[in-house]
Amino acid sequence: MSTSPQYSEDDDDLYPILSKIEQPSDIRSLSEDELQDLAAEIRRRLIEVTSTNGGHLGPNLGVVELTMAMHRVFDTPTDKFVFDTSHQGYVHKLLTGRKNHTFDGVRKTGGLSGFLSRDESPHDAFGAGHAGTALSAALGMAAARDQLGTNEHVVALCGDAAFTCGITMEALNNVSAATKRLIIILNDNEWSIAKNVGAISKYLNELITNPIYNRLHHDFGAFLQKVPGGEQLLKLGKSAEKGWKSIMVPSSIFETYGVRYFGPIDGHDLPLLTHNLEFAKEADEPVILHVVTKKGKGYKPALDCPESFHGTSPFEIPSGKSKSKKTDIPPNYQDVFGKAMVRFAKANKKVVGIT
Ligand SMILES: Cc1ncc(C[n+]2csc(CCOP(=O)(O)OP(=O)(O)O)c2C)c(N)n1
Ligand SMILES: [Mg+2]
């Protein structure tokens with residue numbers, strides 16, 4: 001792996017496929033083998049640039065196949081992608097003409113933003129930085145599309161942590177009343193910046209591990225054929241599928257909100273992702289695809305320590321060790337604030353009950 005911080009024309013040899021991707025449609029003509037190689041090239045490029053510039057490495061390593069599949073199936077900028085927070089948008093940048101030389105400048109003064117930005121590319125339908133905003137924004141775009149009578153697809157990519165945000169749940173509450181067509185991708189890697197906690201994270205884990213849901217996912221038809229009476233139900237079409245599903249398993253929380261649930265789906269299986277997204281594209285109702293990914297996929301230090309590599313400072317590639325000496329780094333605002341709050345609380349033990 002080249003450790004050179006600056007990309008030069010010679011580096012095109014190191015990225016034979018990525019260097020030829022000028023726009024998302026370029027990946028649609030690639031063979032299965034070339035797509036696998038492209039995924040590896042993207043991961044190398046992400047590691048190389050963030051090792052110099054710092055950035056959101058772990059989240060991006062986790063969505064390489066997912067972002068590739070999205071661009072294989074949908075057609076931006078006509079179709080709209082809304083990435084929650086958009087810290088995981090580097091792969092999207094690399095596939096939408098911001099590769100190589102330009103990507104060297106990510107998070108640098110005068111360079112690319114570390115988030116998506118409507119000023120930066122027509123492929124960025126929404127610019128965020130705040131967590132939890134994607135579903136609301138996407139729902140607004142879908143409702144506007146319905147009013148205008150246009151036909152584009154709107155796809156919201158939301159992390160599992162987004163579903164712990166009130167604004168996401170508020171949007172979910174409005175989905176079925178506001179539009180008939182919206183594609184939500186739940187990118188479940190079990191992590192926010194730290195490991196996710198609380199009821200939603202437990203619930204998502206239940207969906208992943210419950211064998212009934214596992215059997216029901218992408219090949220529901222094949223499953224129905226094996227159960228008594230399933231053939232007849234299949235003939236009754238989609239409404240029967242829905243009915244049968246609700247008899248067999250408790251409705252997922254998303255179906256309670258009027259959003260049809262599909263999952264869990266292996267988020268690193270490109271053909272499977274493509275198949276499921278093609279299916280979602282045809283759906284005439286709001287759908288959620290529960291995609292399971294590994295934060296830091298393809299880089300051991302990031303897999304071993306997802307929290308440090310959620311957003312990292314520059315690091316040595318072989319070891320993952322930070323390039324900055326501890327003494328170079330000023331204390332974080334939140335650490336100073338937290339320590340001060342604990343000090344004040346201890347001084348007011350009687351009021352807050354701290355020992
Ligand atoms: C309002 C707000 N609060 C907190 C943050 C800090 N933050 C950045 S990304 C993130 C969540 C990341 O988890 P998830 O959405 O599951 O995405 P992942 O990185 O796991 O792919 C948070 C809390 C933020 N950007 N905005
Ligand atoms: Mg997450």
Side-chain angles (χ1 to χ4, degrees), residues 42-43 46-47 50 54-70 81-94 106-107 113-117 124 126-138 155-172 184-208 253-254 263-268 273 288-299 301-313 332-335 337-338:
I42 291 173
R43 286 201 165 91
L46 291 170
I47 294 166
T50 54
H56 286 107
L57 178 58
N60 281 286
L61 288 173
V63 295
V64 172
E65 289 84 2
L66 179 55
T67 313
M68 286 169 61
M70 287 165 71
F81 290 169
V82 186
F83 289 74
D84 198 77
T85 316
S86 78
H87 63 301
Q88 74 296 64
Y90 297 4
V91 186
H92 167 79
K93 286 183 196 244
L94 286 169
V106 72
R107 299 176 80 248
S113 166
F115 298 93
L116 300 186
S117 163
D124 295 3
F126 190 67
H130 275 73
T133 53
L135 193 52
S136 288
V155 183
L157 172 65
C158 306
D160 47 323
F163 285 85
T164 64
C165 297
I167 189 171
T168 303
M169 299 312 283
E170 190 178 327
L172 192 60
I184 307 166
I185 300 172
L186 161 52
N187 171 32
D188 188 356
N189 54 22
E190 296 180 24
W191 286 76
S192 176
I193 294 174
K195 185 89 174 166
N196 262 325
V197 292
I200 286 285
S201 116
K202 269 196 203 144
Y203 178 72
L204 294 178
N205 191 260
E206 163 78 4
L207 286 182
I208 293 172
I253 191 174
F254 302 104
I265 299 157
D266 178 348
H268 301 296
L273 285 168
I288 185 162
L289 303 187
H290 187 181
V291 173
V292 180
T293 61
K294 220 51 211 140
K295 208 163 181 165
K297 168 97 176 163
Y299 183 53
L303 284 167
D304 290 347
C305 200
E307 190 164 346
S308 308
F309 283 90
H310 172 83
T312 178
S313 56
N332 285 326
Y333 177 85
Q334 63 266 32
D335 292 344
F337 181 81

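Quick note: numbers below take in every heavy atom, side chains included, and nothing from hydrogens, waters or symmetry partners. Since this is a predicted model, take the numbers as computed values, not measurements. Both counts, for ligands and for their atoms, begin at 1 and track the order of listing.
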Original post:
At the 4.0 Å heavy-atom cut-off, does His87 count as touching ligand 1?
Top reply: yes
Original post:
Do the ring centers of His87 and Phe115 come within less than 6.0 Å of each other?
Top reply: no
Subject >> Structural part of Lys295 in contact with ligand 1, heavy atom criterion under 4.0 angstrom >> reply: side chain
Original post:
Can any side-chain N or O of Arg107 pair as donor or acceptor with the backbone N or O of Gly54 at less than 3.5 Å?
Top reply: yes
Original post:
Where is the nearest protein heavy atom to atom 14 (P) of ligand 1: which residue, which atom, and how far?
Top reply: Ala161 CB, 3.5 Å
Subject >> Any N or O of Ala131 closer than 3.5 Å to N or O of ligand 1 >> reply: yes
**OP:** Could you pull out, from Thr133, Thr168, Ile193, the option with a heavy atom nearest to atom 22 (C) of ligand 1?
**Re:** Ile193
Original post:
Any N/O/S atom, backbone or side chain, of Asn189 lying under 2.8 Å from the Mg ion (ligand 2)?
Top reply: yes
Original post:
Taking atom 23 (C) of ligand 1 as the point of reference, which of Pro59, Ser192, Gly159 owns the nearest heavy atom?
Top reply: Ser192
Original post:
Less than 6.0 Å separating the ring centroids of Phe309 and Tyr299?
Top reply: yes
Original post:
Which of the atoms in ligand 1, numbered in the order shown and given with their element, are less than 4.0 Å from a heavy-atom of Trp191?
Top reply: 13 (O), 14 (P), 16 (O), 20 (O)
Original post:
For Asn196 and ligand 1, does the shortest N/O to N/O distance drop below 3.5 Å?
Top reply: no
Original post:
What are the atoms of ligand 1, with element, lying closer than 4.0 Å to any heavy atom of Asn189?
Top reply: 18 (P), 20 (O), 21 (O)
Original post:
Hey, is the main chain of His56 close enough, under 3.5 Å, to the side chain of Tyr90 for a donor-acceptor pair?
Top reply: yes
Subject >> Verdict with reasoning, Ile253 to Tyr203, per side-chain contact (heavy atoms from CB on, under 4.5 Å) >> reply: CA-CA 9 Å; Ile253 191 174; Tyr203 178 72; 3.2 Å; yes
**OP:** Please confirm whether Asp84 comes within less than 3.5 Å of ligand 1 when only nitrogen or oxygen atoms on both sides are compared.
**Re:** no
**OP:** Please examine the side chains of Ile265 and His290, heavy atoms only from C-beta on, and report whether any two atoms are closer than 4.5 Å.
**Re:** no
**OP:** State, yes or no, whether a side-chain contact exists between Glu170 and Ser136 at a heavy-atom distance under 4.5 Å.
**Re:** no
Subject >> Passing candidate, side-chain hydrogen bond (donor to acceptor under 3.5 Å, both in side chains) with Thr293, options Asp266, Asp160, Asp188, Asn187 >> reply: Asn187
Original post:
Under 3.5 Å, is there a donor-acceptor pair between the His310 and Lys295 side chains?
Top reply: yes
**OP:** Give the atoms of ligand 1, by number and element, whose distance to some non-hydrogen atom of His130 is under 4.0 Å.
**Re:** 1 (C), 26 (N)
Original post:
Any idea which atoms of ligand 1 are less than 4.0 Å away from a heavy-atom of His310?
Top reply: 9 (S), 12 (C), 19 (O)
Original post:
Given O of Trp191 on one side and OD1 of Asp160 on the other, what angle do they make at the Mg ion (ligand 2), to 10°?
Top reply: 110°
**OP:** Using a strict 4.0 Å cut-off to heavy atoms of Gly129, name the atoms of ligand 1 that fall inside it.
**Re:** 24 (C), 25 (N), 26 (N)
Original post:
Would you call Glu190 and Leu204 a side-chain contact if the rule is heavy atoms closer than 4.5 Å?
Top reply: no
